[in-house]
Amino acid sequence: MNDKSAVTAGSHVSYWTDSLEQPISFSPLTQNDGAQVVIVGGGIAGLSVAYCLSQLNIKVVVVEDGYIGSGETGRTTAHLVNALDDRYYNIEKIFGKNEAKLIAESHTKAIDFIEQTVKKENIDCEFTRLNGYLFLHPTDEDNSLQKELEACLRVGLDVEMQEHTPGLLNKNTQALVFKNQGQFHPLKYLKGLCDAIIRKGGKIFTETHVEKINNTGIITDKGFKISAEYIVVATNSPVNNKYAMHLKQFAYRTYAIGMLVKKNTIPQALWWDTGDFNANENIPPYHYIRTQPYNELMDLLICGGEDHATGLANADIIPEENRYGLLEDWFNKHFAKGEVVFRWSGQVMEPMDSLAFIGHNPWDSDNIYIVTGDSGNGMTHSTIAGMLIADLITGKENPWEKIYNPSRLKIIKVGNVFFKEFAGGFSAYIKDKPKHADEVKLSEIKINEGKIIELEGKKYGAYADEKNKLHLVAAECTHLGCIVKWNNDEKSWDCPCHGSRFMHTGEVINGPANKNLFYFDENNPQRKFNK
Ligand SMILES: Cc1cc2nc3c(=O)[nH]c(=O)nc-3n(C[C@H](O)[C@H](O)[C@H](O)COP(=O)(O)OP(=O)(O)OC[C@H]3O[C@@H](n4cnc5c(N)ncnc54)[C@H](O)[C@@H]3O)c2cc1C
Ligand code: FES
């Protein structure tokens, strides 16, 4: 690939994107079309839904505005787990004991489904079964592993406590071992799903932005229509839902580094700590680690974490680009020292009650479905979405329907999380707002710097690129009008309110916004900035 950053949601390139020769692309849509089901979004959620439906001989069309996997799926770390990051002892409290069993079962079945699909479709994506080790973060309660062990046994998972953890420098670390977890190369898996969908007569269009979605189908920004009986919106953060879902989930940035270590010096496994409760007691950011074969001499250790609410990194005084250094320090301390050869970040949607939202879009026509609220378990949540939405569309009963229903509201059980995350984010946004708009003038923007400037009461986002070319956008997010913030790490404008993101030239890269920021272009008289 010539410019790999052009195919992904930010300026950094993940190992997965880098290791592919070509982006996974298809032709853009250039005429009207029709299908039984149209699916918006070519990440793991959209393709899992499309794959499951196409296996039932239902005609599907997938429409993706970048390339396949160019959203968060190309930026993941692809642990395939039934070890949920919000802990089963919490899930039992929120959903009940029987429901917690069904939830555990759904994630176990999702890993099995991926394994069977890999075999059935002959997908060469390095799928591997392995153990996962959960160990205590020093800020967590001492008995948290024991509580989780008991809850995991109640929900029927294959777990045990061990006093030694392979891979960690301190081998005497106690860990809860989750057996039979999985990992794969996410983009190679998506390529395999695409091939299988096409073999069943499905169609996939890339570089095709969906502008309008209604109960008759979708319309692209070039004015082409795909008529369909059912519409599934799998855009990670639903672009067809303005309010309802965005009050029930919060957008977080999360960071990953890939470090080279000598081959086979670290065992193949997954590791997670239980999360930093000092950083955020409601949604404690945790570290997640896996290995990945790199070449004949070296393995890549991929380590993630250091999350923060999107657009609010400065609220904890650690700007986005400084998060990699923190990850490296943590990694050196617990695992190994090595050369960091990859750095990238991505976004996860944290649902207030821990589980994804999969099903009918609230307050919408009966034939419109969504998948969102991926949390740190988006690989399995998206696979569950494939199985569940196929059942919902074909009218087959599914025991997971009620649990994942996007209309559910657990306000009594988790209202505290909602209040703290929502109010905390809002107050950080307000505190930051006047400061960054008042202090800077257009002439003061330095190379490689982005700032919000204010002129005659209107706010603009100004970024001077490495050649000192100034890029100016209207700073009001096209979702609900919050003022965006510059993310100097991924060179994007990020919205602190619900996580929409835009390129420095204003193109939208993450929902819920679905429209670009207005870009002022000195070469285009209609878009010229007159100040
Ligand atoms: C660093 C990181 C590590 C992670 N690690 C793990 C892990 O180890 N295990 C795990 O289970 N999960 C993990 N996750 C979460 C997981 O990666 C995501 O939940 C998952 O990839 C989301 O898939 P998706 O299909 O919902 O979204 P995406 O992959 O973002 O796909 C949505 C697609 O919709 C497209 N789109 C948006 N708007 C439009 C439009 N208007 N028209 C057309 N197309 C549109 C986008 O271009 C995008 O490609 C991680 C996430 C990150 C960022
Ligand atoms: S994402 Fe909602 S206002 Fe920006």
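Owing to the predicted nature of the structure, the values given are computational and were not obtained by experimental measurement. In each ligand, atom 1 is the first atom listed, and ligand 1 is the first ligand listed.
For ligand 1, the atoms lying closer than 4.0 Å to a non-hydrogen atom of Asp374 are 18 (C), 19 (O), 22 (C). Interface atoms of ligand 1 facing Glu72, defined by a heavy-atom separation under 4.0 Å, are 17 (O), 21 (O), 28 (P), 29 (O), 30 (O), 53 (C). Taking every heavy atom of Gly71 and a limit of under 4.0 angstrom, the matching atoms of ligand 1 come to 29 (O), 30 (O), 48 (C), 49 (O). Which parts of ligand 1 touch Gly376 is read off a 4.0 Å heavy-atom cut-off, strictly below it: atoms 6 (C), 7 (C), 9 (N), 10 (C), 11 (O), 12 (N), 13 (C). Annotation for ligand 1: atoms under 4.0 Å from non-hydrogen atoms of Gly346 are 53 (C). Interface atoms of ligand 2 facing Cys482, defined by a heavy-atom separation under 4.0 Å, are 3 (S). Under a 4.0 Å criterion applied to the non-hydrogen atoms of Gln347, ligand 1 contributes the atoms 53 (C). Counting atoms of ligand 1 from 1 in the listed order, those under 4.0 Å from a heavy atom of Asn377 are 10 (C), 11 (O), 12 (N). Close approach of ligand 1 to Thr254 (heavy-atom distance below 4.0 Å) involves ligand atoms 1 (C), 2 (C), 52 (C), 53 (C). Atoms of ligand 2 found under 4.0 Å from any heavy atom of Leu480 (numbered from 1 in listed order, with element): 3 (S).
Not a single heavy atom of Ile68 sits closer than 4.0 Å to an atom of ligand 1. Proximity of Val40 to ligand 1 is established by a heavy-atom distance of less than 4.0 Å. Assignment of Ala234 to the shell around ligand 1 is supported, since a heavy atom sits closer than 4.0 Å.
Because the distance cut-off is set at 2.8 Å, Cys495 qualifies as a neighbour of atom 4 (Fe) of ligand 2 through one of its N, O or S atoms. Counting backbone and side-chain atoms alike, His479 contributes no N/O/S atom closer than 2.8 Å to atom 4 (Fe) of ligand 2.
Ring-plane geometry between His137 and His287 is classed as parallel, the angle between the planes falling under 30 degrees on a 0 to 90 degree scale with a further cut at 60.
Distances between N or O atoms of Ile44 and those of ligand 1 include at least one value under 3.5 Å. Below 3.5 Å of separation, one finds an N or O of His79 facing an N or O of ligand 1. Looking at ligand 1, you'll find an N or O of Ala45 within less than 3.5 Å of one of its N or O atoms.
With contacts defined as side-chain heavy-atom distances shorter than 4.5 Å, the pair Cys194/Tyr51 does not qualify. Ile318 places a side-chain heavy atom less than 4.5 Å from the side chain of Arg323. The closest side-chain heavy-atom distance from Phe178 to Cys152 is below 4.5 Å.
In summary, the aromatic rings of Phe335 and Trp271 are positioned with their centroids under 6.0 Å apart. No close placement of the Tyr133 and Phe135 rings is indicated, their centers lying 6.0 Å or farther apart. Aromatic rings of Tyr404 and Phe357 (six-membered ring for Trp) have centroids beyond the 6.0 Å cut-off, not under it.
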Set out, in order, the CA-CA distance, both residues' side-chain angles and the distance that settles side-chain hydrogen bond (donor to acceptor under 3.5 Å, both in side chains) for Glu207 and Ser25, then state yes or no. CA-CA 8 Å; Glu207 294 174 90; Ser25 68; 5.7 Å; no
Begin with the C-alpha distance, continue with both residues' side-chain angles, and end with the deciding distance and a verdict on side-chain hydrogen bond (donor to acceptor under 3.5 Å, both in side chains) for Glu72 and Asn510. CA-CA 9 Å; Glu72 302 317 312; Asn510 280 84; 3.2 Å; yes
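A donor-acceptor distance shorter than 3.5 angstrom exists from the side chain of Thr208 to the backbone of Thr206, with no hydrogens or angles considered.
When the SG-SG distance for Cys482 and Cys477 is compared with the 2.5 Å cut-off, it comes out at or above that value.
Atom 42 (N) of ligand 1 has Val210 N, 3.0 Å as its closest protein atom, hydrogens excluded (heavy atom only). The protein atom (non-hydrogen) at minimum distance from atom 22 (C) of ligand 1 is Asn236 ND2, 3.4 Å. In terms of protein heavy atoms, atom 29 (O) of ligand 1 is closest to Thr73 OG1, 2.5 Å. Scanning the protein for heavy atoms near atom 1 (S) of ligand 2, the closest one is Ser500 OG, 3.2 Å. The closest protein non-hydrogen atom to atom 34 (O) of ligand 1 is Gly41 CA, 3.3 Å.
Counting heavy atoms under 4.0 Å from ligand 1, residue Ala9 does not touch it at all. Neither the backbone nor the side chain of Tyr255 has any atom closer than 4.0 Å to an atom of ligand 1 (non-hydrogen atoms only). With a 4.0 Å heavy-atom cut-off, ligand 1 is reached by the side chain of Asn514 but not by its N, CA, C or O.
Of the candidates Asn510, Leu190, Thr77, it is Thr77 that places a heavy atom closest to atom 3 (C) of ligand 1. Between Arg75, Glu64, Met349, it is Arg75 that holds the heavy atom closest to atom 52 (C) of ligand 1. Here the shortest heavy-atom distance to atom 50 (C) of ligand 1, taken over Asp85, Thr235, Thr76, belongs to Thr76. Checking Val348, Asp65, Ile213 against atom 40 (C) of ligand 1, the nearest heavy atom belongs to Asp65.
When only modelled atom types and interatomic distance are considered, His107 and Asn82 share no side-chain donor-acceptor pair under 3.5 Å.
Within His498, ND1 is the N, O or S atom that lies nearest to atom 2 (Fe) of ligand 2.
When each of Trp486, Tyr460, Tyr463, Tyr519 is paired with Trp493, the ring pair (Phe, Tyr, Trp, His ring centres under 6.0 Å) condition holds for Trp486 and for no other.
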